[in-house]
Asks: 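I'd like to ask you about the structure that follows.
Just so it is clear, the structure is predicted and the values come from calculations on it, not from any experiment. So that the names make sense, note that chain A is the first sequence line, chain B the second, and so on, each numbered from 1. The analysis underlying the following values was restricted to heavy atoms, covering all of them including side chains, and did not include hydrogens, waters or symmetry mates.
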2 protein chains.
Amino acid sequence: MSSHDVKKKCKSCALYSDSKLFCASLSGNELCDLSDHSRTLSMKRGDTLEGDALSHWPIVAIDDGVVSIQHLLQDGRKTIAALFMRGDILDLRNISNRNRGALVALGKVNICRMAPKVFAQIMAENPNSQKIVWENLRDQAFRAIDHSADIAKKQALEKLASFVLECRNRQEITGNTEVIDIPVRRVDLAEYLGMQPETVSRGFKDLENRGVLDVISLKAVKIKNLQFLRRIADGDKDVIDEKGDPGSFKVLQFG
Amino acid sequence: MSSHDVKKKCKSCALYSDSKLFCASLSGNELCDLSDHSRTLSMKRGDTLEGDALSHWPIVAIDDGVVSIQHLLQDGRKTIAALFMRGDILDLRNISNRNRGALVALGKVNICRMAPKVFAQIMAENPNSQKIVWENLRDQAFRAIDHSADIAKKQALEKLASFVLECRNRQEITGNTEVIDIPVRRVDLAEYLGMQPETVSRGFKDLENRGVLDVISLKAVKIKNLQFLRRIADGDKDVIDEKGDPGSFKVLQFG
DNA sequence: CGGCAAGTTGAGCCAGGTCAACTCCGGTGG
DNA sequence: CCACCGGAGTTGACCTGGCTCAACTTGCCG
């Protein structure tokens, strides 16, 4: 594959075009080498990554879209244990034996699967790339840990507030407004937060009634009171206890 | 510090004496250098690691004991979001701003805090050490993800069963029996699994009544029926529905 | 062996799960 | 462009697992 082809394949990929991401940190040779030993893949909602495909290409980089790790219980209960997005790099080497989760796309997704050998070589030789990948993995770990904390003891409203804030943290800093993109469906959101779709629905409505946010569409909310949202996410009972039903409406204010 | 001192300081530490762990992978020079730029620390239950101490020594390796990441909500609810044990290496560089969790010892703990500079240098230069640390971080991430799945949708009994199995996976393979060490107190366990101490207590009793395990002491259980424990942890409702009360006792068998 | 923290047991209650009916929305074909 | 269709989301009514609070027991450390 010529150097020109490499450019064509990788030029449009976020991992290359965003200077903070992995492929942007590579030297020309490394990028070329990795390009020769990687395969891009487009997925649609419900597509899963597993088995042989994974054992041959266990390093997965996400260019665009949302990928989930789903755990399925015997009786059909499903859980989304983690969400991965643009820039995340998953190392699934030798993962099959320990982890029962499947990698499932939650919408249109573009990924790039890399040969472990070339990836390992870059990791060993390019400290800058190593740092990027290391920090990404560390973020994944801390995100998962924070998420555990969110779903362990928080109640429905608090979980939802935390999720909106998590989306806010992860989304591109567009700089303009307080409109937050919700990149997953209601069902997925429910599975991610360990609750029912019905409860998610009621929760958003409740947050709207409290004047904390507006549900613009199924894909976006607008934060109207960030400080309040934070306090709810943080388990402040003074806020929660002000009931949010339309009947007993009350002007919200800070203490 | 002479080479002899280095040996004295590190010889008794699991990270050095266990060949699979980080310090065992270092060259003589690297070990010496790292030893000069690290501080061991003994902690007791409730001691926390924070602030300046962390910003100067943000790389923490655990020699012995159990360390938790605890998240505290405004109204006092506490969650243990993750548990770290022997061999785990925590990279807490630049962590203060994103993560509200505190690092708290759950009992007697020995840790070693390393200077980030030397650590980074080893990571860049010693591929073998890099691999060990990388895989440890990856394990931490997947453990956290699995844990999210455990607490999201499982009910009390299932969470407990999962926890016992998690302990089984993490504990030294002593090879002999099915006695599993429970390295944390009931309260901590409850906080880790997102439930109340009372529920933990009732859960263990229930598992005993079902003949799945014996609670030997507060610190250990003996698995009597591993397959059943696995099925419970896996959310098999056929098993759960056989009520475990002492009254309606019933010989458990497989389908 | 006394004192206190940790754990257990019991009774009652409520947040959120469940089930069923309804509405909304996006895509498709006439 | 609109009518239709099916899946996704919402709403309502009811029910239950596990939280709560309080009293009791156990285990641990000096």
Asks: Measure the distance from CZ on B/R45 to P on C/dA6 and round it to the nearest whole Å.
Replies: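 Distance, rounded to whole Å: 7 Å.
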Asks: Regarding A/Y192 and A/E166, do their side chains bring together a donor and an acceptor under 3.5 Å, going by distance alone?
Replies: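 A/E166 and A/Y192 do have a side-chain donor-acceptor pair below 3.5 Å.
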Asks: Taking CG from A/D206 and C1' from D/dG12, how many angstroms apart are they, rounded to a whole number?
Replies: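 From A/D206 CG to D/dG12 C1': 16 Å.
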Asks: Look for any protein N or O under 3.5 Å of an N or O in nucleotides 21-23 of chain D and output each such pair with its distance, or none.
Replies:
unit_1: D/dC21; atom_1: N4; unit_2: B/E198; atom_2: OE2; d: 3.0

Asks: Within the structure provided, determine whether B/V104 and B/K78 are in side-chain contact (heavy-atom separation under 4.5 Å).
Replies: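 Not touching, per the 4.5 Å side-chain cut-off.
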Asks: Rounded to the Å, how far apart are A/K237 NZ and C/dC14 P?
Replies: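 One finds 13 Å between P of C/dC14 and NZ of A/K237, rounded.
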Asks: Looking just at side-chain N and O atoms, do A/S42 and A/K108 make a donor-acceptor pair shorter than 3.5 Å?
Replies: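 Side chains of A/S42 and A/K108: no pair found under 3.5 Å.
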Asks: Rounded to whole angstroms, how far apart are CG on B/L218 and C1' on D/dT26?
Replies: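 Rounded to the whole Å, the gap is 9 Å.
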Asks: Quick check: do A/V212 and A/I223 have side-chain heavy atoms less than 4.5 Å from each other?
Replies: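 The answer is no, as the side chains (C-beta and beyond) never meet within the 4.5 Å cut-off.
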Asks: For the residue pair A/N136 and A/Q140, establish whether any side-chain heavy-atom pair is separated by less than 4.5 Å.
Replies: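 They are in side-chain contact.
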Asks: Between A/K219 and A/Q196, who's closer to the 5' end of DNA chain C by nearest nucleotide?
Replies: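 Nearest-nucleotide comparison on DNA chain C picks A/Q196.
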Asks: To the nearest Å, give me how far apart NZ (B/K159) and P (D/dG18) are.
Replies: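 It is 8 Å, rounded to the nearest whole Å.
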Asks: Nearest-Å distance, CG (A/L160) to P (C/dA15)?
Replies: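 So the two atoms are 17 Å apart, to the nearest Å.
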Asks: Round to the nearest Å and state the distance from B/K44 atom NZ to D/dC28 atom P.
Replies: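 Atom-to-atom, B/K44 to D/dC28, this comes out as 20 Å.
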Asks: Counting heavy atoms from C-beta on, name the nucleotide in C/dG17, D/dT10, D/dG18 closest to the side chain of A/T199.
Replies: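 For A/T199, the side-chain atoms sit closest to C/dG17.
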Asks: For the side chain of B/S201, counting heavy atoms from C-beta on, which of D/dG27, D/dG9, C/dT9 is nearest?
Replies: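 Closest nucleotide to the B/S201 side chain: C/dT9.
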Asks: Counting the atoms with a prime plus P, OP1 and OP2 as sugar-phosphate, which does A/G203 contact under 4.0 Å by heavy atoms, base, sugar-phosphate, or nothing?
Replies: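 If one applies the 4.0 Å heavy-atom cut-off, A/G203 turns out to touch nothing in the nucleic acid.
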Asks: Closest to the A/Q155 side chain: D/dG17, C/dA15, C/dG7?
Replies: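 In terms of side-chain proximity for A/Q155, the closest of D/dG17, C/dA15, C/dG7 is C/dA15.
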Asks: Just wondering, do A/K153 and B/Q196 contact through their side chains at under 4.5 Å, heavy atoms?
Replies: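 Answer yes - side chains close enough.
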Asks: Any side-chain heavy atom of B/K9 within less than 4.5 Å of one from B/S38?
Replies: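 With C-beta onward as the side chain, the pair touches.
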Asks: Mind checking if A/V187 touches a base, just sugar-phosphate, or nothing, with heavy atoms under 4.0 Å?
Replies: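 Counting heavy atoms under 4.0 Å across all strands, the contact made by A/V187 is with sugar-phosphate only.
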